[in-house]
Amino acid sequence: MTMAWEPYDAKRIEAKWQARWQEQQTNEPDLAGARNPFYTLMMFPYPSAEGLHVGNVYAFTGADIQGRYHRLLGHDVFEPMGFDAFGIHSENYALRINTHPMKLIPKNVANFRRQLRMMGLMLDWSHEVLTPDPKYYKWTQWIFIQLFKHGLAYRKKAPVNWCPKCHTVISNEQVIDGMCERHPGTAVERRHLEQWFFKITAYAQRLLDNLDWIDWSETTTTAQRNWIGRSEGADVDFPLPGREDALRVYTTRPDTLFGATYMVLAPEHPLVAELTSPEQREAVAAYCAAARMMKDADRVDEAREKTGVFLGAYATNPVNDQPIPIWISDYVLIEYGTGAIMAVPAHDQRDYEFASKFGLPIIPVIGPTEGDPPAGEAYVGEGVMINSGSYDGMPSLDCLRKITADLEGRGVGKATVQYRLRDWCISRQRYWGPPIPMIHCAQCGIVPVPEDQLPVLLPELEDFHPNSPGGKPLERYKPFYETTCPQCAGPAHRDADVNDNFLDSAWYFLRYPSTDDDQRPWDPERTRKWLPVDLYVGGNEHAVLHLMYTRFLCMAFKDMGLIDFEEPFKKFRAHGLLIKEGAKMSKTHGNVSNPDEYVEEHGADTLRMYLMFLGPYAEGGDFRDSGIVGIRRFLDRVHRLYGGIPAGGNGGPRHGPLQKRTAIKLHQTIKKVGEDIHAFSYNTAIAALMELLNEMRAAPALDDFARESFVILLAPFAPHEAEELWELLGHDGTIFSARWPDYDPALTIKDEVEIAIQVMGKLRGTVTVGRDTSKDEVQAAALAEESVARHLAEKTIVKVINVPNRLMNFVIKP
RNA sequence: GCGAGAGUGGCGGAACUGGUAGACGCGCUGGAUUUAGGAUCCAGUGAUGGAGACAUCAUGGGGGUUCGAGUCCCCCCUCUCGCACCA
C-alpha cells in the first residue's frame with residue numbers, strides 16, 4: 001500500500017479526485033482517435049439564478065452512472081454538458097430584476113459548472129455548448145436558412161396562442177389547459193399574426209413509423225404517437241345545390257353517412273360567407289366575430305354547452321340525395337381535417353349534444369349486435385347497418401371500407417389520413433433569442449441573410465421589454481432593423497422576431513463533438529464517429545416538445561445530405577420525477593432542494609447514491625432528508641472495511657482466500673449490479689452492494705479479487721470514494737481505466753437450496769437439500785419434518801407438486 | 001372523456017417465466033461499548049391471538065382461474081402524469 005488510511009472524509013476525498021480528474025483530463029476522450037465511442041447525453045439545463053436543484057442532480061446522476069459503467073466496460077465515453085441560456089425563462093427573469101440577461105449568464109453558468117463538478121459527473125468540459133454564444137447561434141441561424149432553402153420554413157398568417165404575460169406567441173405544446181405553461185392562471189388569447197413555421201407535418205408519417213424501431217422508453221413513444229395522432233378516414237364531398245363546388249368533410253366514420261342529418265363548418269371556414277343566406281347574415285356574422293375573439297381556453301372547454309348558428313343553406317347527402325342543413329359552430333376546428341364535418345348525432349356524442357339542443361333529427365344507422373343502444377347518448381360502437389339503403393344488414397366495420405370505395409368510384413370521396421400534429425411555429429416576438437436570419441425587401445420579398453454574413457448578431461439593447469411603444473424590441477432598434485437587401489441592395493428591414501427556444505436545443509447534441517470547428521456546424525468525420533447519440537436520458541416533460549423537434553430536424557438534415565442518420569438518439573430513457581412533501585419537486589411548488597447543503601453535510605457520493613436509492617429511476621422517488629444517513633453509513637462502513645478497521649467483534653477480515661459463501665455472494669452481485677444498471681434499476685443495484693458489503697464485513701478473509709471487484713461495482717455510483725479505495729489498494733491512475741469484473745456463472749448458484757414445503761398451498765416448513773435433489777428425496781425429507789408431517793397426519797395425499805429447487809406442495813383430502 | 005403508469009409494514013421500496021410476500025434502507029425497541037453521544041457494534045421489528053411452540057389474517061375493494069395469485073382474467077375504487085370538442 002502506497003497510502004495511509006484515514007477516516008472517511010468526503011470533502012477531502014471529493015476535492016482531491018475532482019482536481020485530479022481535471023488535471024489529468026480523465027473525462028476527456030480522444031474524439032478523433034477513440035476506438036470504441038459511446039456518446040452519453042443528458043438534457044442540458046437552463047442556468048437559472050437559483051442554481052442546480054436536486055431534480056437536475058437526479059437526472060444527471062442517472063445518466064452519469066451509465067456513462068461511467070460503459071467506460072468500465074471499455075468504451076471511450078463522451079459525456080458533454082452545456083447550457084440552454086436563451087429563451088423566455090432567462091428573459092423574464094432579467095426583466096424582473098432589471099438586469100441584462102447577457103450580464104447574468106456568466107455568473108449563473110459559473111455557479112452551475114461549480115455544482116456539476118461538485119457532483120462528480122464524468123463531464124468533458126472541453127466541449128461545452130452555450131446557446132447564446134454567437135459561435136453557437138450562428139449555426140442555429142444557418143439551420144433556419146437551410147430549412148428555408150429546402151421549403152421547410154414558410155410564413156403564414158395564423159391564429160396563434162398569445163400569452164399576455166409573456167407578450168409573445170407560444171406553441172400549442174406550451175399551452176396547458178388553455179393557460180400559459182409559464183404563467184399558470186393566465187389565459188392564452190388567440191391572435192392572428194404572420195409567423196414563421198417549420199413543416200414538421202411533412203414528416204408526420206416518418207416520425208410515427210420510426211417509433212416502431214427506436215429503442216426509447218415506451219412512455220415516451222406512446223406520448224409521441226398520441227401527439228402525432230394519425231387517424232384514417234375519408235374525405236367526402238357533399239354537393240351544394242346551385243353551385244359548382246361541393247362541401248368537403250373529413251370523417252373517420254363513413255359507415256354512418258346515412259345518419260348525417262346536418263353539417264357543421266368551423267366559423268373560420270372560407271365558405272361561410274358565401275353560403276350564408278341573407279336572413280341569417282347578421283346572426284352568422286355575430287357568431288363568427290364572437291368565436292374569433294374568444295380565448296382558446298373558453299372555446300376548448302368541453303363542459304361548455306354547444307353553441308351554433310344555422311347558415312340558411314343546405315348541402316346534399318351524396319348517398320341518398322337528402323338535403324341537409326349547414327350550421328356553424330366553434331366545436332369544429334378550422335385547423336383539423338377540412339374544417340367541416342358531417343354531423344351524425346346518433347353515433348357521435350358531440351353531434352348528439354348539438355342536435356339535442358337545436359332540435360335536429362337523430363337517425364340511428366347502426367344497431368348494436370346485442371342489446372339496445374344507450375338512451376340519452378350517442379352509440380359510438382360497431383354493429384349492424386340499418387336505415388342505410390342497400391347497406392342494411394351488413395356489419396358496420398365492413399361498410400367503413402365499402403362505403404368509402406363506393407364513394408371513390410363515384411368520384412365524391414376518397415380514403416385519407418389525417419394527423420393531429422401541427423406545424424412548428426418558430427417566431428417569437430421577443431428579444432432574448434437568435435434573430436431570425438431573414439430580410440424583408442419591398443422589391444425581392446423575403447431574402448435569407450447570405451451565409452457568409454452569419455451570425456446576425458443580437459444587438460445589446462438597453463430596453464428589451466417586449467411591449468414598449470414602437471413595436472417589438474428588435475424593430476425598435478433601427479440600426480438593427482433597417483438594412484439593405486442582399487439581392488437588390490435597396491432599403492429593406494430585418495425580420496424582427498427571434499426563434500423559439502426549442503430550436504436552440506433541437507440540435508445541440510450535434511455541436512458538442514465539434515465545438516472546436518468554426519467553419520461548420522459539425523465536423524463530418526467526428527459526427528460519423530460519434531453520432532447518433534448512444535444514450536440520451538431526460539425527463540418525459542420533453543416527450544412531445546424537444547424530442548419531437550429534434551427528430552424532425554434530424555430527418556430534415558438527413559434528407560438534405562447533411563448527416564447520414566435520421567434518428568438522433570439510439571436509446572432514450574425517461575427518468576421519473578422527484579416528489580417532495582407530496583408534490584413534484586419544482587419551482588412552482590416551491591419545494592426545490594439545493595444539492596449544496598447535502599454535499600456539504602454528507603458529500604456528493606452520498607447524495608448521488610441516495611438519490612438513486614429512492615426508487616426505480618424511471619418512476620422517480622420521494623425525496624426526504626431522513627433516509628440519507630443510511631447511505632452515509634454505508635459509505636462509512638465501506639471505508640472502514642478497506643482501512644482494515646474491525647467490523648464489530650470479528651476483528652475484520654484478513655487477507656486470504658474467500659469462503660465459498662462469500663464467493664457466491666460476490667459473483668451473484670457482480671452479475672446483478674451489471675444487469676440492474678442495464679435496466680436502470682439503480683435502487684436494487686445499490687441494495688445488492690449493501691448485501692455484499694454486509695457479507696464481506698462478516699467474512700473471515702477477503703482476497704484481492706473481492707476487494708477490487710467491490711470497488712469497481714461501486715464506482716459508477718460513488719466515483720470519488722471508489723477512486724480513493726482503488727488508490728488505497730495500491731493502484732496508480734484512475735479506476736475508470738480498470739475493467740468491470742467478470743463473474744463465474746458456476747459461482748452464482750448455491751450447492752444447497754432451501755425448499756419451501758406447502759400443504760394445500762400453505763407454507764408448513766422448509767427443508768435444505770443439495771441442488772437438483774430428486775423429487776422422491778425431497779419428499780422424504782419433507783415428510784420427515786415434524787411441522788409438515790403434522791398437517792399430513794391421517795390425510796390422503798392426492799397429489800404432490802414439485803418445483804425443482806424451489807417448492808413442494810402436498811395436495812391432500814381428509 | 002381518452003392514453004400511460006401506479007396502489008405492498010410506521011416510511012421509501014424488493015419480489016425472475018404464477019412458486020417461502022416484505023430484499024435493502026429509514027424509523028422504532030432492547031442490548032454492548034463509551035466520560036458522553038444524534039458515533040459504532042449486536043439482536044429484534046407486518047397485524048391479531050397465545051407464556052410458548054404455533055395458529056389465523058394480510059399486497060386498494062369484490063369476484064374468478066389454479067395444487068398455488070402481489071403477479072393471470074373480469075368488475076369496481078383511488079392516486080399520479082400526459083392529451084383534451086382532432087370529427
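Letters A, B, ... mirror the listed sequences (proteins, then strands); counts begin at 1. Heavy-atom basis, side chains included; hydrogens, waters and symmetry copies ignored.
By the 4.0 Å N-to-carboxylate-O rule, D212(A) lies close enough to R225(A) to be salt-bridged with it. The pair K357(A)-E353(A) fails the salt-bridge criterion, with no side-chain N (NZ, NE, NH1 or NH2) lying under 4.0 Å from an Asp/Glu carboxylate O. Residues R230(A) and E232(A) are paired through a salt bridge, judged by an N-O separation under 4.0 Å between the basic side chain and the carboxylate.
Going from atom CD1 of I749(A) over to atom C1' of rC16(B) covers 15 Å, rounded to whole Å. One can place NZ of K762(A) at 12 Å from C1' of rG68(B), the figure rounded to the nearest angstrom. With rounding to whole Å, L577(A) atom CG is found 8 Å from rG82(B) atom P. Rounding to whole angstrom units, NE2 of residue H575(A) and P of rU80(B) are separated by 20 Å. One interatomic measurement links the two molecules: NZ of K580(A) to P of rG12(B), which rounds to 17 Å at whole-angstrom precision. Computed from coordinates, the E785(A) CD to rA53(B) C1' distance equals 14 Å when rounded to whole Å. The distance from atom CG of L578(A) to atom C1' of rC81(B) is 15 Å, rounded to the nearest whole Å. The nearest whole Å value for the distance from the CG atom in L641(A) to the C1' atom in rC41(B) is 15 Å.
Looking at which nucleotide of RNA chain B each of G337(A) and K672(A) is closest to, the 5′-most match is held by K672(A). In terms of position on RNA chain B, the residue among I341(A) and P616(A) whose nearest nucleotide sits closer to the 5' end is P616(A).
Taking the C1' atom of each, rG68(B) and rG18(B) are spaced 8 Å apart, rounded to whole Å. rU45(B) and rG52(B) have their P atoms separated by 13 Å, given to the nearest Å. A gap of 40 Å separates the P atoms of rG3(B) and rC24(B), to the nearest Å. If you take atom C1' in rG13(B) and the same atom in rG22(B), they sit 10 Å apart, rounded to whole Å. For rA53(B) and rG5(B), the P atoms lie 45 Å apart once the distance is rounded to whole Å. The separation of rC76(B) from rC16(B), taken at their P atoms, amounts to 28 Å, rounded to a whole angstrom. Between rU56(B) and rG64(B), the two C1' atoms lie 24 Å apart (nearest whole Å). Rounded to a whole angstrom, the distance from the C1' atom of rA84(B) to that of rG61(B) is 30 Å.
Taking only side-chain nitrogens and oxygens, Y250(A) never comes nearer than 4.0 Å to OP1 or OP2 of rA87(B). An OP1 or OP2 oxygen of rC54(B) is reached within less than 4.0 angstrom by no side-chain nitrogen or oxygen of R764(A). When the side-chain nitrogen and oxygen atoms of H347(A) are compared with OP1 and OP2 of rA87(B), none of them lie within a distance under 4.0 Å.
Sequence neighbours left out, not one pair with a member in residues 609-620 of chain A passes side-chain hydrogen bond (donor to acceptor under 3.5 Å, both in side chains).
For the pair F502(A) and L545(A), the minimum side-chain heavy-atom distance is below 4.5 Å. I200(A) has its side chain within reach of L421(A): a pair of non-hydrogen atoms, C-beta onward, lies under 4.5 Å apart. Between K795(A) and V811(A), the closest side-chain pair of non-hydrogen atoms is not below 4.5 Å.
Heavy atoms of H542(A) sit nowhere under 4.0 angstrom from any nucleic acid atom. When heavy atoms are screened at a 4.0 angstrom cut-off, V344(A) is found touching no nucleic acid atom at all. Looking at heavy-atom distances under 4.0 Å, R790(A) makes contact with sugar-phosphate atoms alone, never a base. Backbone-only contact: S231(A) has heavy atoms under 4.0 Å from sugar-phosphate atoms and none from a base. No contact: R632(A) has no heavy atom under 4.0 Å from any strand.
Taking the syn range as angles within 90° of 0, the glycosidic angle of rG9(B) is syn.
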Chi angles and distances behind the ring-ring contact (aromatic ring centres under 6.0 Å, His included) call for Y743(A), H667(A): CA-CA 5 Å; Y743(A) 63 87; H667(A) 286 264; 7.5 Å; no
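For K306(A) against rC85(B), a side-chain N or O and a base N or O form a donor-acceptor pair under 3.5 Å.
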Can you give the dot-bracket line for RNA chain B, using ( ) for pairs inside the strand, [ ] for pairs that cross earlier ones, | for pairs with another strand and . for unpaired bases, where Watson-Crick and G-U count if both distances are under 3.5 Å? (((((((..(((......[....)))((((((.......))))))((((....))))..(((((..]....))))))))))))....
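F717(A) has its ring centre no less than 6.0 Å from the ring centre of F634(A).
Annotation: Q779(A), atom CD; neighbour count of heavy atoms from other residues, nucleotides and ligands within 6.0 Å is above 12.
Ranking rG12(B), rA87(B), rC67(B) by closeness to the T251(A) side chain, first place goes to rA87(B).
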Where along nucleotides 17-30 of chain B does protein come under 4.0 Å, by heavy atom, of base (B) or sugar-phosphate alone (S), with - for untouched nucleotides? --BB--BBSSS---
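The line from CD of E721(A) to OG1 of T606(A) is 9.0 Å long, rounded to the nearest 0.5 Å.
At least one cation-pi condition fails for R573(A) and W216(A): the charged atom is not both under 6.0 angstrom from the six-membered ring centre and inside a 45 degree cone around its axis.
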